[in-house]
Protein chains: 2
Amino acid sequence: MRIRTPADLGTLIRSTRKKLQLDQSTLAKKIGVSRLWLVEIEKGKPRAEIGLVLRTLDALGISLNATPPESQSLNRPGSTVDIDRIVATAREPRK
Amino acid sequence: MRIRTPADLGTLIRSTRKKLQLDQSTLAKKIGVSRLWLVEIEKGKPRAEIGLVLRTLDALGISLNATPPESQSLNRPGSTVDIDRIVATAREPRK
DNA sequence: TAGCAAAGTAAGCGAACGCTTACAACTCGA
DNA sequence: TCGAGTTGTAAGCGTTCGCTTACTTTGCTA
């Protein structure tokens, strides 16, 4: 599935955890984080550490693949990247 | 390319930025972060915010796709997830 | 319905975040 | 070689992190 937001990641992590029939305490212990951290992540916490998120995906056996822009344009004629539009939806105020 | 660590992301972001012929100040301004933040990210800062990292990928036109464990086992017979090994390489001490 | 396990919420701590400003070092083209 | 542009490093600020501990709420099975 396509990952665009922290909420996408949270949903993916939660659904995969449930599929593997793990509870939050068990997974948290295996990753090496607190159960509270996992609760926040599954809810889509935007400011969590990228390193911990990648370890969580690793612990669940989820692999992450990045596709650079030129591969996309080759695969999808007419698909362009609107950088200015992305910047227009500027980072939401903190808190 | 497969993303496993914050350093993988940093390398990808830097090489894509150079391919698009953008300098750090220009990209940082478009993302809505400081140039210093981008410097740290390209060096593989493990504790950066996941939300800002996803926006950076978005700004560069890089798409991220997650593959759950069962898809992998279907596609790659014999491929197993060693959760215990992952936990064994526990999170490095902070700082 | 009841009880247990799992998940959600809250508070306060020490540590690190991303920021701005300033400057040093590097790269590259003329 | 020189100079402009780019990148790297540093300090201190206000804010937020992830943690532990404790408790509440929810979900599910008997």
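In what follows, chains carry the letters A, B, and so on, assigned in the order in which the sequence lines appear, proteins first and then strands, with residues in each chain numbered from 1.
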Enquirer: Quickly work out the B:Ile50 CD1 to D:dC17 C1' distance and round it to whole Å.
Expert: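 About 15 Å, once rounded to whole Å.
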Enquirer: One character per nucleotide, please: for nucleotides 25-30 of chain C, 5' to 3', B when the base has a protein heavy atom closer than 4.0 Å, S when only the sugar-phosphate does, - otherwise.
Expert: ------
Enquirer: Show me the protein contacts with nucleotides 25-30 of chain D, counting only N or O atoms at under 3.5 Å.
Expert:
none

Enquirer: Please report the interatomic distance OG(A:Ser34) to CD(A:Glu40), rounded to the nearest 0.5 Å.
Expert: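 Rounded to the nearest 0.5 Å, the OG-CD separation comes out at 9.0 Å.
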Enquirer: Which atom names give the shortest non-hydrogen contact between A:Ile41 and A:Ala48, and what distance separates them?
Expert: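 Minimum heavy-atom separation between A:Ile41 and A:Ala48: CD1-CB, 3.3 Å.
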Enquirer: Any side-chain to backbone donor/acceptor pair from A:Thr56 onto A:Leu52? Under 3.5 Å, distance only.
Expert: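 Checking the backbone N and O of A:Leu52 against the side chain of A:Thr56, a donor-acceptor pair under 3.5 Å is found.
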Enquirer: In whole angstrom, give the distance that lies between atom CG of A:Leu38 and atom P of D:dC19.
Expert: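 It is 10 Å, rounded to the nearest whole Å.
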Enquirer: When you compare the side chain of A:Asn65 with that of B:Leu64, does any pair of heavy atoms fall below 4.5 Å?
Expert: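 Not touching, per the 4.5 Å side-chain cut-off.
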Enquirer: Provide, to the nearest angstrom, the distance between the CD1 atom belonging to B:Ile13 and the P atom belonging to D:dT7.
Expert: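 Roughly 14 Å, once rounded to whole Å.
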Enquirer: Look up atom CG in A:Leu9 and atom CZ in A:Arg4, then write down how far apart they are to the nearest 0.5 Å.
Expert: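 Output value for this atom pair is 12.5 Å.
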Enquirer: When hydrophobic residues are tied together by side-chain contacts of less than 4.5 Å, even through go-betweens, does A:Ile62 share a cluster with A:Leu22?
Expert: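 Yes: a chain of side-chain contacts under 4.5 Å links A:Ile62 to A:Leu22.
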Enquirer: Please confirm whether the backbone N or O of B:Leu54 pairs with a side-chain atom of B:Asp58, one donor and one acceptor, at under 3.5 Å?
Expert: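 Checked: no pair found.
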Enquirer: Quickly work out the B:Lys29 NZ to C:dT20 C1' distance and round it to whole Å.
Expert: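 So the two atoms are 14 Å apart, to the nearest Å.
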Enquirer: What heavy-atom pair brings A:Ile3 and B:Ala66 nearest, and what distance separates the two atoms?
Expert: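 Minimum heavy-atom contact is CG1-CB, 4.0 Å.
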Enquirer: Do B:Val33 and B:Leu20 share a hydrophobic cluster, counting only Ile, Leu, Val, Met, Phe, Trp and Tyr and linking them when any side-chain heavy atoms are less than 4.5 Å apart?
Expert: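 Linked within one cluster.
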Enquirer: B:Glu49 CD to D:dT15 C1': how many Å, rounded?
Expert: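 One finds 10 Å between C1' of D:dT15 and CD of B:Glu49, rounded.
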Enquirer: With no hydrogens and no angle check, is any side-chain donor or acceptor of A:Ser15 less than 3.5 Å from a backbone partner on A:Leu12?
Expert: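 Yes: the side chain of A:Ser15 pairs with the backbone of A:Leu12.
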Enquirer: Using the salt bridge (Lys or Arg N to Asp or Glu O under 4.0 Å) rule, pick out the option among B:Arg35, B:Lys18, B:Arg17 that qualifies with B:Glu42.
Expert: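 When salt bridge (Lys or Arg N to Asp or Glu O under 4.0 Å) is applied between B:Glu42 and each of B:Arg35, B:Lys18, B:Arg17, only B:Arg17 qualifies.
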Enquirer: Counting primed atoms plus P, OP1 and OP2 as sugar-phosphate and everything else as base, spell out the protein contacts along nucleotides 5-11 of chain C at 4.0 Å heavy-atom distance: B, S or - for each nucleotide, 5' to 3'.
Expert: -SBBBB-
Enquirer: Return no unless some side-chain N or O of B:Lys45 is found under 4.0 Å from OP1 or OP2 of C:dG18.
Expert: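 Yes, B:Lys45 has a side-chain N/O under 4.0 Å of OP1/OP2 on C:dG18.
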Enquirer: Quickly work out the B:Arg47 CZ to C:dG18 P distance and round it to whole Å.
Expert: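 So the two atoms are 10 Å apart, to the nearest Å.
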